Amino acid sequence: MVLLRKIKGEPMPPMYQLFLIMKLVVILVFLNLACVLGRGMGQQITLKAKNISLVEAMKSIKKQSGYSYFLNGKDLANIKVSAFIEGQNLTAALNILLADKPAQWVLENETIVIKSKPLVKNKDRNTRSSFVSPSPSTTLQQRTISGKVINSNGEGLSGVNVIVKDTPIATVTNNEGIYSLIVPPHATILVFTNVGFKAQEKLINNQIRVDVEMEEQIDAIDDVVVVGFGKQRQISVIGSISTVSPKKLDLPVGNLSTSLAGQMAGIVTAQRTGEPGASSDFWVRGVTTFGAGNRPLVLVDGIERPLDLVNPEDMESISILKDATATAVYGVRGANGVILITTKQGTISKPVVTMRMESGILSPTVLPKMANAEQFLNMFNDGYESQFGDKFYSDETIQKYINGDDPDIYPNVNWTDVIFKENSANRRVTTNISGGGESIQYYVSGAYYQEDGIYKATKTAKYNPEIKWDRYNFRANVDMKLFKGNTVSVNLSNQFDIKNGPNNNTIWQYTFQVPHIVSPIHYTTGELALPGDGGVNPYELLNERGDIKRFTNNTQSLVNITQDFSEYFLKGLQFNVKFSWDAASITTNTRSKIPMGYSNSGRNADGELILIPRVTTQDYLTLSNSNTGERVTYLESSLTYNTDIAEKHRIGGLILFNRRERFDNFPSNLTNSFPYRNIGLAGRTTYSFKDRYFTEFNFGYNGSENFAPDKRFGFFPSGAVGYVISNESFWEGLYPYINIFKLKASYGLIGNDQIRGRRFAYNSEMTSSTGYTFGQGGDRTLTGISVGYQGNPNVSWETAYKTNFGVEIELFKSLNIKADYFDEMRKGIFIQRLNVPGIVGLTVDPFINMGELSNKGFEVAAEFNKSYGNFWLSGRGNFTYNRNRLVYDDTPEPLFEYLSTQNKPLYQQFGLVADGFFQSQEEIDANPKQMFGTVRPGDIKYRDINGDGQVDNNDQIAMGRTHVPEISYGAGLSMGMKNFDVSFLLQGVDNVSYFMGGSSIYGFTGGSALTGNVHEDVALNRWTPENPDAKYPRISISPNSNNNRNSSLRQYDSRYLRLKNAEIGYTLPESISKRLFFDKCRVYVQGVNLLTFSPFKLWDPEIIESQGAQYPNVKTVSLGLNMKF
Amino acid sequence: MKNILKLLVISCLSLSSCNEYLTHDVDQQLTFEKTFARREQTERFLAGVYAYIPNDMILLENMTGNNDEGYFMWDSWSVKYLNHNSGAWNPTSTDYHIWDNMYRGINQATIFIENVDRNEEVTEQSKKEMKAEARFLRAYFYFLLIRQYGPVYLWGDKPSELNIIPTEVDRHTLDECVDFISSELRRASEDLPLTISDTRWYGRVTKGAALSLNARVLLYRARPLFNGANIYKGIQNKDGNFLFPQQYDAAKWADAAVAAKAVIDLNTYNLHTTKKTGTDMYKAIQSYSEVLFEPWNEEIILGQWVASADYVDRRASPWGVVSTAYGGFSPSLRLVDTYPMASSGRYPVTGYLTNGEPIIDPLSGYSETGFTENFRNPADLTVTHTFKAHNSTVGREARFYASILFNGMYWINTFKGSKQIFFQKGGNAQSTQSDYNKTGYLFRRLVNPANDIESSRWGKFSWPVIRLAEVYLNYAEACNEQPNRDEANALLYINKVRERAGLNKIEEAYPEIIGNKELFRTLLYKERMIELAFENHRYWDIRTWMIAPEVSNGDRYGRNQDATTYENSWQRTKHYMLPIVFRTEHYLFPIQQAQLNEMKNLTQNYGW
């Protein structure tokens, strides 16, 4: 553009030039991409047309003038214009074109911007009087009816279709919105339709003049919902689908899965670690099977791809498909729900550049607090004394540890402080450019994200054990129109990330478990210190063991060709073919070393430390390397047909074929070297009548390689009905209050062919087994061969029977409520038979379709939007409850009914019922014998559930919940006033529990006292004779099999409520941003996980780790800048 | 339009041949047919069956620490070991269970026996031998089950059935089990070669192995636990048959004697003696040591190759002194007390007072007090270190010095310099925390002095699963007990074992033994304890002899390593020693709850 101007020799304001150069530099630097659109040189405009859309007209003007144009508002594009312009300049031409149209234009930054005219409420409507009212006629005869069609501003609307209902008689309004047509004698109704407006029906009665004010259908475009293989109008969706604006998911976090929590009804998430680069777990409507793969299918632009590889900025839409109808066309892959994401496409406009920069500070939500030296020493002494009758550490020794006079022999190191920083940082830069001309549109984006970990690592020249995660995203979506009705889209995307970290994955565990007194970091003489006898120095684990670098590279490519046959032989018929090829590779380079370090055995006579060197050392780095990778190709072709008959009957059809092939690039065995293949045929028919009654029928016909040839194909039908009562004529009275009232129901079957850890379930396999060594020198080792898995030719599909009832209500045009009840029954879940007696001697238990799981629940989502002048407000909330019940899993019937896992939630937790602590030997003797080891005062007293006089594992009962929450909810509010906007989202889960355990809870289980430190809470609140009403039992120095069991005392309620996200933004007034040469500029502060409320305090409740020894979840506060130019 | 047509054609093509698309050529994998068509694969299948032989070296940790021959120092971890010792185990505990794994081995062996004849690449003779090997292995797995659980379910010669009706399953009787095992072993012995002539196949089962195992099985059957023990009387399986014999039958000893004699009569094996030169004591020490360290020596009847001895090397060498060591495999003080005196040939300790003090046989020459200055370890010929030795360690027989590392001794793997070892508090081999050596001894017999274990040269074993000394002791025991007592052979064969250790004849040490069946039995128990120490026999011996309540129950004693001086570290103490618990039900393992769940009518063992 700059170049063109120069050629034209027109002077440019210096600031303008500078700005344009800046733009270019930004584009080149950040994306290394330039896209210059061709543009005509003609200044004289000629346009002769009648009733063409404004878009068409502008395309022509653009061609002639060289100016890009931008239609500010979707409805503008469809305004019909007529013009007779010959050789006018641009200004004149546009003025003529837009005369008496509800639009005005302005030239901004080389672009013709067309906007709606401001509202003029009291416009003179005298035009009506210019009509001469004909005298009324009561005879039934052919007559002429005329009238004017206006919009809400009173302006005449051109191009409106006027149809005599149930006849082919029709006309179109002229430039002034006036029409006239001859109607047959029995005609009673006129129908007025125009794109962008609600269709209206008017009774003719005896009138000869029918005026109509058309109501704009503002939401017409927003209300399209992305459904499986296409889009549907919101009103016609009768499957269960949730959506959220992708903007809401654009949080300053590394992975999209982390942003999903609390955003949509029906999705259950859990973030189990806050380590940079780690994903969250997510399920649709909870866990629905205990077979393989309970995760939803994620489709990006129709292709199965990992969710976390999507740059949130690139998302155009995200939908969650939940019930059988919505997911049916995905066949077997969609049994656990589907997450559909589409990425942005270019639009016809000048290049628009958007940039966002963000920089944040991260800190752990909760960092566990461990016992200090004194607490530990007292605890150890108490345990020692109860076992051996005397104290291990004298008071004098304890004092030496505490006062720290001799840190070499009596160290006192707070490992948490040594290993962790208080906070770390992340930053993100994203930029995208979109635009395009008539035949090519593009959307190109790039993003960079970086997050540091909270390890306090020492970087050396040799290597860097810091946790650091860098990710680069790139995407180019290009749409080309080759000929009429044809679109070829090419979507290319690449993600590249590097994760750096220390060469040790036990740092958390040991930082918590190593008592403060075990070892200094370094001796005062400078040597690296090590505790003897298998102890560890966490500092050494973090800083001195080398590093791990993991490179991940994903390349995703898609060609999508759509051909609309409307113009050729059948209106509404469309053919689509997609082909994608994706490749992913992960390389992990581990560089390791073992440094020299010294334990000590006290001081010699001269007072010098006696150092004992570590024996096996390796003071140089060595490399080990591992690779994983896969490549996937996918081919899909489909034919869709959509038509309507007289605007009453809408009929749609889809038939689709797909085939997917995945190769493991580094197969671990021969079986895995065969490509993984899926094949499927799917279909959908929809029929609706007058937008009131809807029906839909879907089927999937799928083939699976896992089954014997005669069991290979499965047919899975589903159907749904919907009734929009609010579209009935009798609803009219209620319409102002309840705008939409829709009831829907669906039922269907979905299959699943995934079998955990097993392919080709029908096929018997020999396995390699442990070998045996023969020969004089043991030089003949034969790897064993055993009969392994014994194939089951009868294995076939696991089937989900899904039922869904839903209601959708819109009140006062501002509050939208959706509620669904769902009931899913999984049958034929693949299980390994568990009650084949051990005496049969199978090496692998056979698989069989026997498991059954039921899952029921409901979900509600509400959304509220309202604006009052300058102030706007929008709120949303969602609530999901699901309870599953394991119906059958082939576990042998236990001794006592209550021990059975069947008819209880999947993953139901079981434990002993703790009745406090034994306070005396007499109490122990008086109670049922506890069979887990010698019991002393201070140990947990358990209840003898079955009354057999002894407490053993048969006294465990179902208690608490499971680690997957049954209830997930979220609620958010956004509001804005003038240039300010504020929003926040609360998110929480409930009905979830977990067991504490492990040595930092039990003390002294995993090893010796060298790794026996516990949480401060445990050290302070343990049972001692002086503290009989304790929270935790006594500490013993050898493993205490009585106390170290799952019991009601060890179970905790891990529900929580978080302030998941909060954001304050300020958009610079246009006057300022314009001066800075931005179209839009917004500054914001955003926080994630700012507050967490939970009854459980020791560590982040979302982390499922029995002693909290896991990288904690983090809270983030970010400052960001968002620019558009 | 042309393009559109092209697209349609392409997509139509993609619709074709769906079933083929999903058919992978899985037959290219190794199939059952291929396994039994080729010699190599068939041999590997058999090797897979061999692999079910449990590794006795690992079992040392399992069973040796759980009875009176060892006391492992790990008091604060190794939970299963602690639970087992303290009696904190029950049918729901999963530790040490072998049930499922042994039945897997049995299943694979049966599949092999059923199918090996399909192979046309293998000679008929080889097939016969291989089938006999599988038969031996299957019998061995059944034996291991019986040793642990008592009688079990027998599949016999028929393959296992996936669709067996679990409620119809119960255990067979002990006699049915032993009869089956014994007949299988005799049948195998007919087809097995006397020796393995091809050195590349050392380690395969021979006729001698089958006959020796048969001798062991029949000896176990004759011992009190399986021969009319009161506690097991009256237990019936679901068919109403008594699981255990209802009365004592002395004739079973005679069967055991005949079986053991059959091995001896093969004249194929000899007690190993060293080729090294030196004093008689030194040679005796070497002879006994080399039973473990000389691969495939003439004493080994069935050996199991262990390519790296690091598992035992680390655990049986002193922590803190040997850099690669974990320490911890301590012999119990009871075991240390049992080794005879070299000169008198008498076992020094005849019993214990309730306070743990030993009752010393005054004729033995043993002294529990005082020290000998400048003592030299008779096992240490190359380096002449002398040290101040406690008198309890002076004048003992060869196997003592081959086996026991005691406080104050020098470590004789001298590759990294000479090291004297002190276990007491503040000593160089004493850990600072609770996991320290508590008896004051380590079982050094497992560490070959010729290996530089600090450079990770661990050495290799042809671990004796069965060796001739055991057969001799089996024979001696059976001869002593059989109705027609054969004293001459009983003495002859116990003396052969003693002689290799440099000891006099037992009737010279104990003239009163002649005609004294009970004394012979007492001394044989002692002899067996030391000769086969840490070879995974003692745990089962004290149970089948039913002496566990006396020897492996209650307080345990060690030398006081909590003492701060070397001299004081020799006091006997139970301080810091965890007691061992033996209850009547502990004679046999319980049938696990998992099995009872699977098979509702399975009969549980006494007391569980």
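Labels below follow one simple rule: chain letters A, B, ... track the order of the sequence lines, proteins then strands, and each chain is numbered from 1. Keep in mind the model is a prediction, meaning the values are calculated, not measured.
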Contacting moiety of Trp201(B), where chain A heavy atoms sit under 4.5 Å: both
Would you tell me whether Asn672(A) and Tyr676(A) have side-chain atoms, one donor and one acceptor, within less than 3.5 Å of each other? yes
Okay, Gln592(B) and chain A: the region with an atom under 4.5 Å from a heavy atom over there is neither
Most contact-rich option vs chain A, by heavy-atom pairs under 4.5 angstrom, among Ala51(B), Pro159(B), Gly48(B), Ser456(B), is Ala51(B)
By a 4.5 Å heavy-atom criterion (distance strictly below it), what part of Asn163(B) contacts chain A: side chain, backbone, both, or neither? side chain
Side chains of Gln304(B) and Tyr772(A), heavy atoms from C-beta outward: is any pair under 4.5 Å? yes
Which one wins on heavy-atom pair count under 4.5 Å against chain B: Gly389(A), Ser764(A), Gly838(A)? Gly838(A)
Do Thr770(A) and Tyr52(B) have side chains that approach each other closer than 4.5 Å (heavy atoms only, starting at C-beta)? no
Counting heavy-atom pairs under 4.5 angstrom with chain A, the leader among Asp100(B), Asn101(B), Asn107(B) is Asn107(B)
Should the pair Phe392(A) and Phe380(A) be assigned to parallel (<30°), tilted (30 to 60°) or perpendicular (>60°) ring geometry? perpendicular
Please classify the contact between Ile164(B) and chain A as side chain, backbone, both or neither, with a heavy-atom cut-off of under 4.5 Å. side chain
Proximity breakdown for Thr199(B) and chain A, heavy-atom pairs closer than 4.5 Å: both
What part of Ser704(A) gets within 4.5 angstrom of chain B, counting heavy atoms only: side chain, backbone, both, or neither? backbone
Interface residue of largest heavy-atom contact number with chain A, from Gly87(B), Ala47(B), Gly203(B), under 4.5 Å: Ala47(B)
If one checks every heavy atom of Lys34(B) against chain A at 4.5 Å, the contacting part turns out to be neither
Return yes when atom CZ of Arg936(A) has more than 12 non-hydrogen atoms of other residues, nucleotides or ligands closer than 6.0 Å, and no otherwise. yes
Structural part of Ile53(B) lying under 4.5 Å from a heavy atom of chain A: side chain
Measure the acute angle between the ring planes of Tyr149(B) and His97(B), then classify it against the limits of 30° and 60° as parallel, tilted or perpendicular. parallel
Taking side chain as everything from C-beta outward and backbone as N, CA, C, O, which of these in Phe45(B) sits under 4.5 Å from a heavy atom of chain A? Side chain, backbone, both or neither. both
What part of Pro675(A) is in contact with chain B, defined as an atom under 4.5 angstrom from a non-hydrogen atom: side chain, backbone, both or neither? both
Above 12 or not: heavy atoms from other molecules or residues under 6.0 Å from NZ of Lys574(B)? no
Sort Ile111(B) into side chain, backbone, both or neither according to what part of it lies under 4.5 angstrom from a heavy atom of chain A. side chain
Residue from Asn678(A), Ile839(A), Thr843(A), Val787(A) scoring the most non-hydrogen pairs under 4.5 Å with chain B is Ile839(A)
Heavy-atom contact with chain A under 4.5 Å, split by part of Val169(B): side chain
What option among Met102(B), Lys460(B), Lys600(B) has the most heavy-atom pairs under 4.5 Å with chain A? Lys600(B)
Where does Glu40(B) contact chain A at under 4.5 Å (heavy atoms): side chain, backbone, both or neither? neither
Relative to chain B, which segment of Tyr762(A) carries a heavy atom at a distance below 4.5 Å: side chain, backbone, both, or neither? side chain
Salt-bridge present (Arg677(A), Glu661(A); N to O < 4.0 Å): yes
Region of Arg614(A) that comes under 4.5 Å of a non-hydrogen atom in chain B: neither
Got a donor-acceptor contact below 3.5 angstrom from the His172(B) side chain to the Tyr153(B) backbone? no
Any chance you could measure Leu602(B), atom CG, to Asp170(B), atom CG, to the nearest 0.5 Å? 5.5 Å
Is it the backbone or the side chain of Asp779(A) that comes under 4.5 Å from a heavy atom of chain B, or both, or neither? neither
Structural part of Gln29(B) lying under 4.5 Å from a heavy atom of chain A: both
Chain A contact via Phe112(B) - which portion, at a heavy-atom distance below 4.5 Å: neither
